[in-house]
Amino acid sequence: PVYTQDDVTKHRTLEDGVWVTYNGSVYDITDFVAVHPGGDKIMLAAGGALEPFWALYAVHNQEHVLEILAEYKVGELCPGDCKEEGATSADPYSSDPPRHPALRVNSQKPFNAEPPSEILSENFITPSAFFFKRNHLPVPRVDPHAYRLEIHGLPRGPVCLSLEEIKTKFPKHTVTATLQCAGNRRSDMNRVKQVKGLNWGISAISNATWGGARLRDVLVYAGYLPGSSARHVQFEGLDVDPTGTPYGASILLGKAVSEEGDVLLAYEMNGEDLPADHGYPLRVVVPGVVGARNVKWLGKIVVSEEESQSHWQQNDYKGFSPGTDWDTVDFKTAPAIQELPVQSAITVPQEGVVLGAGQGTVTVQGYAWSGGGREVVRVDVSLDGGRTWNVARLQHGEEGGAAPAPPNRSWAWTLWELRAPLPPGARELEIVCKAVDSSYNVQPDTVAPIWNLRGVLSNAWHRVRVRVSED
């Protein structure tokens, strides 16, 4: 039989039967799901193609795996669905890059998506394909050979640098840093009262190793001298709206020129050229600062006495009182978000999962991070809604054995895990986590007191409810 992609897409649950495609063929893997060695992660591909997942999990590239798959073949995929649809020049998003199908999409145009939370804590370094995507405008196509970075506002006058000059004139540095969207966990605020903004879950956060030139080195080359009256460094991207206005943001000059600020003009992500969605060929990475200031597709730097006048600096990404609404809000009364508050979330188990009482224990995993380079020193986990607490085991670095970061330079997240006995006789668990940073900042217990009309800075205790069954 020949099936269309629509036929396959209808089979995404165990109730409907789980179908997948591979190399032009269609497979009904419903009976295989329960014995899949990788657990229920196979459901991420349900109703779609296996290729993007097998590309990330190379263990599948073995002959015996193909032999197992062949047992479940039910037909062929319609030839027309095997070809990518052509882009249309009338659509400003037509040149956007392909994305991994496992991403949970919050908006297509512009593209904004987060990885499934259950795979977020699998790796200390987030694979680039799974790193959350936060775009405000169409992804620009940039010729790396014609690319030039403009620098204004310094004594040498306007300075223009090619990508090759940035790579060769300045020492290369690497920084492992977590980026988090200001709207991460906005969905928790929407449960209290509807806000304006993308309905992010807990995965608008990821961790990568960035490589590039220090912004400080580039500014010194362009003529920066201590004692300057400037206070801000503005960034403009090459992504523009229909009027030609670019995305823009700024950070404080002190952060930009500090030897301990570790701000990069990054041209690499996880050891490779920046992907298109993450700013190719050059972006700024500002460790410890909200993702909105980490401008991608960087085209211009301006050292100035004023912060950026961009909409995204002046009229967005600011926090307000729960009593402020859209009729009373005055964006001039609040500072632009820079460093983010302490944060943590549970990635395993998922909300609504059923645990077997016979397994005796429960494993809880998640991430924790704090802005400004503050180290996460403790994560507390409760299985009973916050009445009693356990201390999770923290993992710093790839295998948990990384040397401690210098004070106030803990740019990367901390993954954590707790294995605890199931409470005797429990039929439902309310699992809660809260993190504490090196300044002893701790997450608030509920969302309502920190609710705000834009749904930013959502960092209340994260709660997951699961059931326990004798079966």
Side-chain angles (χ1 to χ4, degrees), residues 114-118 120-121 123-124 126 131-132 134 176-192 195 197-208 286-294 317-319 337-348 351 364-382 386 389 391-396 405 408-418 431-452 454-464:
E114 58 190 300
S117 58
E118 61 267 33
L120 190 63
S121 59
N123 300 285
F124 178 69
T126 310
F131 202 101
F132 83 96
R134 177 59 175 116
T176 299
T178 296
L179 299 188
Q180 180 181 197
C181 178
N184 190 33
R185 298 184 58 197
R186 182 179 281 129
S187 56
D188 291 348
M189 288 196 174
N190 275 326
R191 295 186 188 102
V192 173
V195 301
L198 298 170
N199 193 40
W200 294 108
I202 66 168
S203 301
I205 182 173
S206 301
N207 191 52
V286 191
V289 167
V290 64
R293 314 303 170 211
N294 293 252
Y317 296 116
K318 294 183 176 184
I337 298 169
Q338 294 287 347
E339 297 177 359
L340 287 172
V342 63
Q343 175 74 281
S344 70
I346 299 162
T347 57
V348 176
E351 176 77 20
V364 187
Q365 297 173 324
Y367 66 77
W369 182 78
S370 191
R374 291 179 288 276
E375 179 184 4
V376 170
V377 297
R378 197 179 78 236
V379 174
D380 299 326
V381 182
S382 173
W389 296 91
V391 178
R393 179 178 63 86
L394 306 184
Q395 174 187 324
H396 298 284
N408 299 316
R409 294 171 74 182
S410 294
W411 308 127
W413 63 13
T414 297
L415 301 182
W416 54 265
E417 180 178 277
L418 174 76
I431 307 174
V432 181
C433 72
K434 61 181 174 73
V436 181
D437 71 18
S438 54
S439 294
Y440 283 97
N441 297 307
V442 65
Q443 296 170 251
D445 59 345
T446 55
V447 175
I450 61 171
W451 183 95
N452 59 86
R454 279 291 283 117
V456 294
L457 308 171
S458 180
N459 73 323
W461 296 358
H462 187 223
R463 302 168 185 267
V464 169

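Owing to the predicted nature of the structure, the values given are computational and were not obtained by experimental measurement.
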**Study point:** Whether Ser203 side chain and Pro116 backbone form a donor-acceptor pair below 3.5 Å
**Key:** no

Review point. Between Trp369 (side chain) and Trp411 (backbone), is there a donor-acceptor pair under 3.5 Å?
Key: yes

Review point. Looking only at atom types and distance, does a side-chain atom of Ser206 sit under 3.5 Å from a main-chain N or O of Phe131, one as donor and one as acceptor?
Key: no

Point to revise | Separation between OG of Ser382 and CZ of Arg463, rounded to the nearest 0.5 Å | key: 8.5 Å

**Study point:** Sub-4.5 Å side-chain heavy-atom contact between Val436 and Val342
**Key:** no

Exercise for review: Determine yes or no for a side-chain-to-main-chain donor-acceptor pair under 3.5 angstrom, with Arg186 supplying the side chain and Leu198 the backbone.
Suggested key: yes

Exercise for review: Report yes if some heavy atom in the side chain of Ile205 is under 4.5 Å from a heavy atom in the side chain of Leu120; otherwise report no.
Suggested key: yes

Practice item. Starting at CD of Gln443, measure out to CD1 of Ile450 and round the result to the nearest 0.5 Å. Key: 9.0 Å

Review point. Which heavy-atom pair separates Ser458 from Asp188 by the least distance, and what is that distance?
Key: OG-CB, 4.0 Å

Review point. Just by modelled atom types, is the Ser370 backbone N or O under 3.5 Å from a matching donor or acceptor in the Gln180 side chain?
Key: no

Review point. Side chains of Trp416 and Val381: does their closest heavy-atom pair fall under 4.5 Å?
Key: yes

Point to revise | Set of salt bridge (charged side-chain N to carboxylate O under 4.0 Å, His left out) partners for Glu417, sequence neighbours left out | key: Arg393, Arg419

Point to revise | Side chain Arg374, main chain Gly288, donor-acceptor under 3.5 Å | key: no

Review point. Quick one: salt bridge (charged side-chain N to carboxylate O under 4.0 Å, His left out) partners of Arg409, sequence neighbours excluded?
Key: Asp262

Review point. Do the side chains of Val391 and Asp380 get nearer than 4.5 Å, heavy atoms only?
Key: yes

Check your understanding: What residue among Leu394, Leu415, Val364 forms side-chain contact (heavy atoms from CB on, under 4.5 Å) with Val379?
Key -> Leu394

Review point. Checking side chain to side chain contact (heavy atoms under 4.5 Å, CB included) for the pair Ile202/Thr347: CA distance, chi angles, key distance, verdict?
Key: CA-CA 8 Å; Ile202 66 168; Thr347 57; 4.3 Å; yes

Point to revise | Check: Gln395 main-chain N/O paired with Thr414 side-chain donor or acceptor under 3.5 Å | key: no

Point to revise | Exam field: side chain Asn207 to backbone Thr126, donor-acceptor pair closer than 3.5 Å | key: no

Review point. Using 30° and 60° as the class limits, which term best fits the ring planes of Tyr367 and Trp413: parallel, tilted or perpendicular?
Key: parallel

Exercise for review: Drop me the distance from Ile431's CD1 to Ile346's CD1, to the nearest 0.5 angstrom.
Suggested key: 6.0 Å

Practice item. State which residues pass ring pair (Phe, Tyr, Trp, His ring centres under 6.0 Å) with Trp461; sequence neighbours excluded, sorted by chain then number. Key: Trp389

Review point. Any sub-3.5 Å donor-acceptor pair from Glu114's side-chain atoms to Gly201's backbone N or O?
Key: yes

